[in-house]
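Inspection log for the structure reproduced underneath, given as structure tokens.
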Protein chains: 4
Amino acid sequence: MKKREVQASVKDERLVKKRRDQMIKGAVSLFIEKGFHRTTTREIAKASGFSIGTLYEYIGTKEDVLYLVCDSIYDKVRERLQKGLDKNQGTILSLKQGIADYFKVVDGMQDEVLVMYQEVKSLSKDALPYVLKKEIEMVAMFEHVIQFCIENGELDLPEDKVKMIAHNIFVQGQMWAFRRWSLQKMYTIDDYINLQTDLLFQGIQPAVKAE
Amino acid sequence: MKKREVQASVKDERLVKKRRDQMIKGAVSLFIEKGFHRTTTREIAKASGFSIGTLYEYIGTKEDVLYLVCDSIYDKVRERLQKGLDKNQGTILSLKQGIADYFKVVDGMQDEVLVMYQEVKSLSKDALPYVLKKEIEMVAMFEHVIQFCIENGELDLPEDKVKMIAHNIFVQGQMWAFRRWSLQKMYTIDDYINLQTDLLFQGIQPAVKAE
Amino acid sequence: MKKREVQASVKDERLVKKRRDQMIKGAVSLFIEKGFHRTTTREIAKASGFSIGTLYEYIGTKEDVLYLVCDSIYDKVRERLQKGLDKNQGTILSLKQGIADYFKVVDGMQDEVLVMYQEVKSLSKDALPYVLKKEIEMVAMFEHVIQFCIENGELDLPEDKVKMIAHNIFVQGQMWAFRRWSLQKMYTIDDYINLQTDLLFQGIQPAVKAE
Amino acid sequence: MKKREVQASVKDERLVKKRRDQMIKGAVSLFIEKGFHRTTTREIAKASGFSIGTLYEYIGTKEDVLYLVCDSIYDKVRERLQKGLDKNQGTILSLKQGIADYFKVVDGMQDEVLVMYQEVKSLSKDALPYVLKKEIEMVAMFEHVIQFCIENGELDLPEDKVKMIAHNIFVQGQMWAFRRWSLQKMYTIDDYINLQTDLLFQGIQPAVKAE
DNA sequence: TATGAATGAGACTTCATTCAT
DNA sequence: TATGAATGAAGTCTCATTCAT
């Protein structure tokens, strides 16, 4: 699936990229502050450093901005996740390392993750699939890593469990952002990583009853 | 913390309750379909079965509808969750039963949970705390159940792990709603319950290596 | 010209009068506070001590309230003015006394005079003449008093001057109400009466130049 | 006291001035016809020759239009009054001339004076002082002229009388506009000027009794 | 390519008035 | 006669989008 085309009147691709980057940067902070719907196109233009007229030289509709923002955030997260998982050796240790890396990525991009998390649903039926696809790919990346461990004989899990675990890891990453008000009062990101990893691998152990 | 007051011109409390219930019902389906911001007050009035003028006899602003909706959904979920957890005996078995009950509640109220999940953030700074408090209470309910198991000697867990587990359970319930497009293609609600419960208690077991 | 009829569903005339008096009383203070247009019928009903439904048993439209209010104020002012002028003897002294009486009436009904002054223009083309007629009558009352002095040989004035003076007196009375913020900072009502009477009769005397 | 700022989205000050002038012109005739409250913003926009959206590029709220109108009328009246009074020589003759000029100004701007007169009270607590201040200044202008005559030895009047006269002159000017239905049936503007000037200076002369 | 003034559909909300009880 | 819930026309204001410069 190719990227969704966003209309631009300007031909110079270099310039388009540059202007859109300005736009995304400006928009993210606005979306964080007030959400997509409460942000006006004028505000976006201003925060991007150009006029409303110019804004519309690089997008077709307001929603395009949201698409661009979501798309860019996903790309960034995925790219970093990729980098982390590339070091994967198919061992439990490197799986753990991959999870930790992912959680740290989310920690470093909390605002972005939060925005994307809360605003994707505002995308039109048209744009949504393009963004969702990236999410699916990211979940799949975790699946592959787990699968690799299985192939290596380090783990022994049925297909459905693998998928479930991949989802859980992915969601637990996002959770660090979208439940930040509760979680970050109790845990540092390292606490969080340790606890979640521990629970993921050990589960809840029943108490050892004394005879 | 008392409930947030929503302005109503009509005095008859019975009627206010009745009309607001109509309103909530109508609004939920609209919010599911198009989200809070894209839903107009006139549409809400129409879906509720009365005129725009009448709508405003029972609320002060559009946002009040969202508050009423979120508040009511949380109440309903919590009430049912409560009912499930009341049977709790402080055994691992009844903890599992509680989780299963909760997941089933979410399954039966998917739309509502989804709406609430996606739209709470649109509440004003004013109304948000009232709704968030309910969430915190629900997480606390899981905590108590786990704690009960610990007191009964069935489990042995440190404080921070207890909290983490409670959060995880809570989020995994919601996840069934907000990741429905992925999850419900692969699993039935019973599969989901079994898998998640299994993972929660067993974790990922390393493969038993043959000598 | 008969009084303008204001529609009432209630038949009992005694009751109609009573309710309308309540209404006028309530409305005047509201009109003073926020003006006719910014006052709602509900507020009027509440201030009158009955429900909105009852209000409409005694009037046809909101504007009727304004008419009733203006009409009642004019009646009250005129009645008191009448009482003062009745003592008139056709002497300059009693003319002065009449003016003083009128100014005192205005002083005692400042709020009402102000309201009427500011809101008559909001009356419909339909109701306006009825109210304006009362004003004309009041000006005429002053005319008569002056005329009486002329007939008595105390004054000697042409017709047009008589009319002009009557208007001036009338306006100077109202002025005490509608320019109260300026005037009442500088003068008491007695100062005002003395000064205006003095100017009215003496005019501005040129300085007596020393030889 | 600086002018009250009225919000405008448009930057070009020249254009702002031009559009606001159009606005004022359109609004005045509407306000004359139906009053401020019965005039809608859409009507104002239409009468101004642009769309409702454009209207709001040059004002913040409907009330701003009223402020702009009142402010502009006062400015215009004052400016012309100023011009008349500048010729003042400190003689009774030039005082009379000043009064005549002022009355003629009012005569030429009857509609505007009337509007302002009837609608200032609709201004918010916020804007009122700015407009009232102009009125005070105008009254003060008459005071100065009279004072000048006193300094020149042409008149001999106590302070409080000076102020009273200034107020009377000012109000008698407005009166020509707001009592036009009565007055203009009887007098031409020149009649009015002559009569009022005469009364102002001569007062009501008692009849000379024949022996 | 950049600007920003102009546009108008449409959103939210108010409130005079009616009418069943 | 009194009540107050229901109604919906109409008002103010916003904001995405266009287009002449």
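In what follows, every chain begins at residue 1, and chains take the letters A, B, ... in the order their sequences are listed. Just so it is clear, the model here is predicted, and its values are computed rather than measured.
- Counting heavy-atom neighbours within 6.0 Å of D:Lys46 NZ, excluding the residue itself, gives a total of 12 or less.
- When distances run from any side-chain atom of B:Asp12 to the nucleotides F:dA5, F:dT1, E:dA2, the shortest one goes to F:dA5.
- Judged by distance alone, the side chain of C:Tyr74 and the main-chain N or O of C:Leu132 form no donor-acceptor pair under 3.5 Å.
- Atom NZ of B:Lys121 is surrounded by more than 12 heavy atoms from other residues, nucleotides or ligands within 6.0 Å.
- Pairing each heavy atom of B:Lys62 with each of B:Phe36, the nearest pair is NZ-O, 3.2 Å.
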Sugar-phosphate means primed atoms, P, OP1 and OP2; the rest is base. With that split, encode nucleotides 14-21 of chain F 5' to 3' as B, S or - using protein heavy atoms under 4.0 Å. BSBBB---

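- Put simply, the side chain of A:Arg20 never gets that close to the backbone of A:Leu68: no donor and acceptor are under 3.5 Å apart.
- When rounded to the nearest whole Å, the span between CD1 of D:Ile44 and P of F:dG11 equals 11 Å.
- Residues A:Lys11 and D:Leu55 both approach DNA chain E. Their nearest nucleotides, taken by heavy-atom distance, put A:Lys11 toward the 5′ side.
- Side-chain nitrogen and oxygen atoms of D:Tyr58 include none within less than 4.0 Å of the OP1 or OP2 phosphate oxygen of E:dA5.
- Identified under the side-chain hydrogen bond (donor to acceptor under 3.5 Å, both in side chains) test for residues 6-17 of chain B, with sequence neighbours left out: B:Lys17-B:Asp21.
- Checking E:dA2, F:dT1, E:dA6 against every side-chain atom of A:Arg19, the shortest atom distance belongs to E:dA2.
- Residue C:Leu66 contributes atom CG, which lies 13 Å from atom P of E:dA16 at whole-angstrom precision.
- D:Leu15 places its CG atom 10 Å from the C1' atom of E:dG4, with the value rounded to the nearest Å.
- Residue A:Ser51 has its side chain nearest to E:dG4 when only E:dG4, F:dT7, E:dG8 are considered.
- Listed for the C:Gln22 side chain is no donor-acceptor partner under 3.5 Å among the backbone atoms of C:Gly49.
- Looking only at distances, no side-chain donor or acceptor of D:Asp71 sits under 3.5 Å from a matching main-chain atom of D:Tyr67.
- Stacking of B:Arg19 on the aromatic ring of B:Phe50 is not recorded, the 6.0 Å distance cut-off and the 45° axial limit not both being met.
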Read 5' to 3' with Watson-Crick or G-U pairs under 3.5 Å, [ ] for crossing pairs and | for partners on another strand, DNA chain F gives .||||||||||||||||||||

